[in-house]
Every structure is written in C-alpha cells, then in structure tokens.
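Input: a single structure, listed below in structure tokens.
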Amino acid sequence: MAPLLAAWAVAVSIWDLRERRIPNALIAAAALAGIGLLLVRGHGVAGAGWLSSLAGVAVGALIWLPGYLVKKLGAGDVKLAGCIGGLLGGLAAVEAMLVAGVALGVMSVMAGLSFGPTHRLPAAAALSTGFVVRMWSGPLWTG
C-alpha cells in the first residue's frame with residue numbers, strides 16, 4: 001500500500017504544481033483508502049488506530065489552517081494535510097507536518113530569491129514530502 005500512496009502523493013504534487021489547486025477527488029481517494037485500511041487491518045499506514053487517525057486529521061488540518069486564514073495556502077492544502085494526518089495518525093502526523101514545514105520553508109526561500117517575496121507556492125509538494133518521508137522512515141524521534 002505504501003508505494004501506491006507514495007504515487008498518489010506525487011500525483012497530487014504534480015497536479016498542484018500545474019493547476020494550482022488540489023481536486024477533492026484526489027483527497028477523497030486517499031481518505032477512502034485510509035478508511036479501508038482501518039476497516040480491513042484495524043490500523044493505518046503508520047500503525048495508527050481509529051482514534052489516532054482522527055487525531056491525525058485534526059493535527060494536520062489545524063497546523064496548516066492559519067496559512068489558509070491569512071491567504072497563503074488554499075483550502076485544498078489544508079484538506080490534504082488533514083488527509084495525510086489521518087493516514088498516518090497523531091504523532092506520525094506531527095512528524096510529517098514538521099518535515100513538510102521545513103520543505104515549505106526551503107521552497108519559500110528558493111521562490112523568494114527567484115520570483116520575489118509575494119509568490120504563492122503550491123504546498124502539496126512540501127506536504128507530500130513530509131508524508132512520504134514519515135511513511136517510509138518510521139518514527140523520526142523516540143521517547
């Protein structure tokens with residue numbers, strides 16, 4: 001399932017880079033896959049159960065919501081972060097969002113140097129980076 005979800009993350013990133021939006025259908029497809037994993041295996045991609053997955057949705061969406069409120073991110077970015085959080089679960093979602101934040105920071109510096117400080121970035125690439133890194137790395141810290 002991990003290679004399929006990684007391919008999904010790449011597809012979402014490419015779509016966002018080209019179209020500057022993330023279709024709800026792409027997010028819904030992954031959310032349904034996550035629910036399917038929970039129903040069939042009893043846990044998600046990173047071993048999270050139902051409650052942890054719900055916490056991951058909240059973590060992912062709430063971390064990126066301020067960016068949407070100040071018009072630096074789109075609603076699709078917030079929904080994508082919530083979906084990624086749900087797929088990974090609570091603590092894994094925090095780790096993925098930290099990696100995504102660093103990736104978006106690097107992208108912002110590069111875009112600022114190339115296009116100027118007002119350039120809006122497609123955040124799906126950063127969010128997908130955090131998702132794939134966390135999905136395949138396992139816990140980024142212990143304790």
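For the numbers below, each heavy atom of this structure counts, side chains included, while hydrogens, waters and symmetry mates do not. Just so we're clear, the structure is a prediction, and the values are computed from it rather than from any experiment.
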Side-chain heavy atoms nearer than 4.5 Å, only ILVMFWY residues, links allowed to pass through others: does that put Val57 and Leu37 together? no
Tell me, please, which residues at least two apart from Pro66 pass side-chain contact (heavy atoms from CB on, under 4.5 Å). none
Verify same cluster id: Leu4, Ile84 (apolar side-chain graph, 4.5 Å): yes
Hydrophobic cluster identity match, Leu73 and Leu69, side-chain contacts under 4.5 Å: yes
Taking every heavy atom of Leu88 against every heavy atom of Ala93, the minimum-distance pair comes out as CB-N, 4.1 Å
With sequence neighbours excluded, residues passing side-chain contact (heavy atoms from CB on, under 4.5 Å) with Ala81: Trp64, Met97, Leu127
Backbone N/O of Gly90 and side chain of Ser52: donor-acceptor pair under 3.5 Å: yes
Who passes side-chain contact (heavy atoms from CB on, under 4.5 Å) against Leu54, sequence neighbours left out? none
Would you indicate whether the side-chain heavy atoms of Val99 and Arg134 approach each other to under 4.5 Å? no
With sequence neighbours excluded, residues passing side-chain contact (heavy atoms from CB on, under 4.5 Å) with Ala75: Tyr68, Lys79
Would Leu38 and Phe131 show up in the same hydrophobic cluster when neighbours are defined by side-chain heavy atoms closer than 4.5 Å? no
Hey, is the main chain of Gly89 close enough, under 3.5 Å, to the side chain of Ser53 for a donor-acceptor pair? no
I would like to know whether Trp136 and Val45 meet side-chain contact (heavy atoms from CB on, under 4.5 Å); could you show each step before the answer? CA-CA 10 Å; Trp136 273 329; Val45 176; over 6 Å; no
Decide whether Val59 and Leu62 are clustered together by the hydrophobic rule: side chain heavy atoms of Ile, Leu, Val, Met, Phe, Trp, Tyr closer than 4.5 Å, transitively. yes
Residues pairing under salt bridge (charged side-chain N to carboxylate O under 4.0 Å, His left out) where one sits in residues 36-59, two or more places apart or in two chains, turn out to be none
Do you know which two heavy atoms are closest between Ala30 and Leu87, and how far apart they sit? O-CD2, 3.5 Å
Kindly indicate whether the side chain of Ile22, heavy atoms from C-beta on, has any atom under 4.5 Å from the side chain of Trp15. no
Any non-hydrogen side-chain atom of Leu5 less than 4.5 Å from a side-chain atom of Val132? no
Shortest non-hydrogen separation from Ala123 to Asp16 and the atoms involved: N-OD2, 3.4 Å
Can you list everything that forms a side-chain hydrogen bond (donor to acceptor under 3.5 Å, both in side chains) with Ser13? Sequence neighbours excluded, please. Ser128
Using every non-hydrogen atom in the two residues, find where Ala6 and Met135 come nearest and quote the distance to one decimal. N-CE, 3.9 Å
Might you point out which heavy atoms bring Leu121 and Ala111 nearest each other, and give the distance in Å? CD2-CB, 3.4 Å
Closest heavy-atom pair and its distance - Met107, Pro122: CE-O, 3.6 Å
